[in-house]
Enquirer: 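Just passing along the structure, written as structure tokens.
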Number of protein chains: 2
Amino acid sequence: MRIQKDQVVQAALSLLDEAGIEGVTMRKLAQKLNIQAPSLYWHFASKTALLDGMADALITPVARAVKSRARWENVVTAVASELRGALLSRRDGARVFAGTYIVTENVLRVSEAMMGALRKAGAGERTAAWGCFSILHYVIGFTMEEQALDPRSNPEPVDLSKRRAHFSTFSPAAYPNVYAVLDDIFEEDLDARFLFGLNALLAGLKASL
Amino acid sequence: MRIQKDQVVQAALSLLDEAGIEGVTMRKLAQKLNIQAPSLYWHFASKTALLDGMADALITPVARAVKSRARWENVVTAVASELRGALLSRRDGARVFAGTYIVTENVLRVSEAMMGALRKAGAGERTAAWGCFSILHYVIGFTMEEQALDPRSNPEPVDLSKRRAHFSTFSPAAYPNVYAVLDDIFEEDLDARFLFGLNALLAGLKASL
DNA sequence: GTTGACACCCTAACACCGTTAGGTAAAACT
DNA sequence: AGTTTTACCTAACGGTGTTAGGGTGTCAAC
């Protein structure tokens with residue numbers, strides 16, 4: 001065995017960081033591994049399968065060491081934050097993950113940790129299942145948008161003043177409420193914004209126990 | 001004017017329904033309009049610009065007739081549901097929307113409606129702004145996943161029994177909580193699931209007013 | 001010690017992609 | 001009538017995922 005599947009995935013993730021999701025091509029990846037592009041098809045049936053492998057590798061660290069002793073809210077928050085962190089750890093990571101639909105041991109482990117916490121909190125089957133998915137959807141949606149605005153992902157970083165200037169091309173009279181909260185729309189503390197929504201979701205779920 | 005920008009977008013959306021997001025190519029779109037592919041560049045500077053136009057057209061109907069007289073929770077729920085409906089109205093609609101980052105009148109109108117409702121409920125600037133985005137992220141995350149499993153989007157519809165069978169390849173002992181709530185994971189009433197998460201989020205926001 | 005299987009990689013090529021350069025006919029404006 | 005603008009054209013470039021079919025080294029079995 002000269003090259004293993006896992007090495008290909010690692011090289012692909014490294015390429016992802018360098019070139020972004022659009023720059024991950026079979027030829028460039030092959031070049032990184034000092035082989036020819038068609039040889040990659042020995043390891044992966046298709047590029048989609050490769051992206052699935054990348055997505056799976058991306059979330060491998062999540063919920064690895066989940067301490068179920070903690071209070072259930074803290075467990076859920078920790079897992080959600082770890083997932084966000086994992087997606088953010090690579091350029092376009094959220095896009096890669098959202099673009100695939102995989103059911104692997106890693107995905108199950110994350111779900112298990114979250115559903116376990118919810119059930120421990122006294123949630124019924126339905127509340128645990130749907131609540132878990134609601135949280136995951138929020139995390140993915142948030143992180144995708146967060147990363148789309150990340151300067152690292154964008155060829156030319158969108159600076160804040162330009163975005164505000166673009167907003168000014170619209171009539172303030174037509175969108176009074178948007179203008180009223182403009183400062184908070186452009187707030188850059190994304191950790192705080194993430195936790196705000198997550199806590200709201202969590203509080204809502206807690207109320208329906 | 002033989003062909004207007006709007007006609008191109010409409011044809012592109014029609015092509016999207018027929019061929020999916022991967023099937024939307026400049027050549028196929030040109031064929032649909034009885035012109036040659038490079039001519040499309042007269043109307044759009046790039047394919048990305050075209051996709052932006054498609055995303056914008058997709059959400060045009062949302063929050064068109066929002067009755068701000070209603071109770072604020074109902075306004076938020078209505079706008080969120082309309083957004084989900086708009087994304088679901090076209091094959092891969094959520095993927096198209098999530099793949100772009102646009103700030104247009106249509107986007108502002110949706111935000112305005114939602115933030116207006118939140119502020120009317122007594123939310124501070126920050127709660128209104130961040131709460132609005134939390135809801136939008138949830139809607140997009142949910143709808144993306146919903147549509148990824150939609151038989152219409154998938155070449156070969158993933159049937160339920162196969163997905164359950166795939167789950168059985170994993171050890172129930174390792175994932176007891178997942179197995180305990182399996183019936184609810186596979187519940188097919190997606191309207192109910194959507195509203196479940198939305199209501200939780202809404203309840204959480206209400207508590208922090 | 002030869003044979004065969006298998007793992008891993010190769011070259012060549014196909015059909016398709018987004019995009020650019022440069023030209024052309026018709027319509028609109030002055 | 002002359003000029004500009006609009007809306008299209010052909011030809012072509014460099015890139016994409018993927019397939020077909022062939023090679024070469026390693027390692028076990030006879």
Enquirer: What nucleotide among dG17(D), dC8(D), dT19(C) has an atom nearest to a side-chain atom of His43(B)?
Expert: dC8(D)

Enquirer: For Met26(B) and dT16(D), what is the distance between atoms CE and P respectively, to the nearest whole Å?
Expert: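 To the nearest whole Å, that distance equals 19 Å.
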
Enquirer: Specify the separation, in whole Å, of atom CG of Leu29(B) and atom C1' of dG18(C).
Expert: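 Going from Leu29(B) (CG) to dG18(C) (C1'), I get 13 Å.
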
Enquirer: Report yes if a side-chain nitrogen or oxygen of Trp42(A) is closer than 4.0 Å to either non-bridging phosphate oxygen (OP1 or OP2) of dC9(C); otherwise report no.
Expert: no

Enquirer: Just to confirm, is there a sub-4.0 Å distance from OP1 or OP2 of dG18(C) to any side-chain nitrogen or oxygen of Arg27(B)?
Expert: no

Enquirer: Counting only side-chain heavy atoms from C-beta out, which of dT10(D), dT11(C), dC8(D) sits nearest to Pro38(B)?
Expert: dT10(D)

Enquirer: For the side chain of Ser46(B), counting heavy atoms from C-beta on, which of dT19(C), dC9(D), dT18(D) is nearest?
Expert: dT19(C)

Enquirer: For Ser39(A), answer base if it contacts any base atom (sugar-phosphate contacts may also be present), sugar-phosphate if it contacts only those atoms, and nothing otherwise; contact means non-hydrogen atoms under 4.0 Å.
Expert: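 It contacts base atoms.
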
Enquirer: NZ of Lys28(A) versus C1' of dG14(D): gap in Å, rounded?
Expert: 13 Å

Enquirer: Of the options Val9(A), Val103(A), Leu51(A), Ile102(A), which is the one that meets Asp56(A) in a side chain to side chain contact (heavy atoms under 4.5 Å, CB included)?
Expert: Ile102(A)

Enquirer: Looking at Leu202(A), Leu198(A), Leu118(A), Leu205(A), which one forms a side chain to side chain contact (heavy atoms under 4.5 Å, CB included) with Glu73(A)?
Expert: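 Looking at Leu202(A), Leu198(A), Leu118(A), Leu205(A), the match for Glu73(A) under the side chain to side chain contact (heavy atoms under 4.5 Å, CB included) is Leu202(A).
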
Enquirer: With a sphere of 6.0 Å drawn around CD of Gln31(B), does it hold more than 12 non-hydrogen atoms of other residues, nucleotides or ligands?
Expert: no

Enquirer: Among the nucleotides dC9(D), dG18(C), dG17(D), which one has an atom lying closest to any side-chain atom of Tyr41(B)?
Expert: dG18(C)

Enquirer: Roughly, in whole Å, what's the span from CD in Gln7(B) to C1' in dA7(D)?
Expert: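 From Gln7(B) CD to dA7(D) C1': 12 Å.
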
Enquirer: So which one's nearest nucleotide on DNA chain D is more toward 5', Glu22(A) or Ala45(A)?
Expert: Glu22(A)

Enquirer: Can you measure Leu33(B) atom CG to dA7(D) atom C1' for me and round it to whole angstrom units?
Expert: 13 Å

Enquirer: Which whole-number value in Å describes the distance from Leu40(A) CG to dT19(D) C1'?
Expert: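 My rounded result for the distance is 14 Å.
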
Enquirer: Separation of Lys47(B) atom NZ from dG18(C) atom C1', in whole Å?
Expert: 8 Å

Enquirer: Determine whether the side chains of Gln7(B) and Gln10(B) contain a donor N or O and an acceptor N or O closer than 3.5 Å.
Expert: no

Enquirer: Check the distance between dG18(C)'s P and Phe44(B)'s CZ and give it to me in whole angstrom.
Expert: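 Rounded to whole Å, this separation is 14 Å.
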
Enquirer: When you measure from the side chain of Ile35(A), which nucleotide among dT19(D), dG18(C), dC9(C) comes out closest?
Expert: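 So the nucleotide nearest the side chain must be dC9(C).
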
Enquirer: Do Phe167(B) and Phe186(B) have their ring centres less than 6.0 Å from each other?
Expert: yes

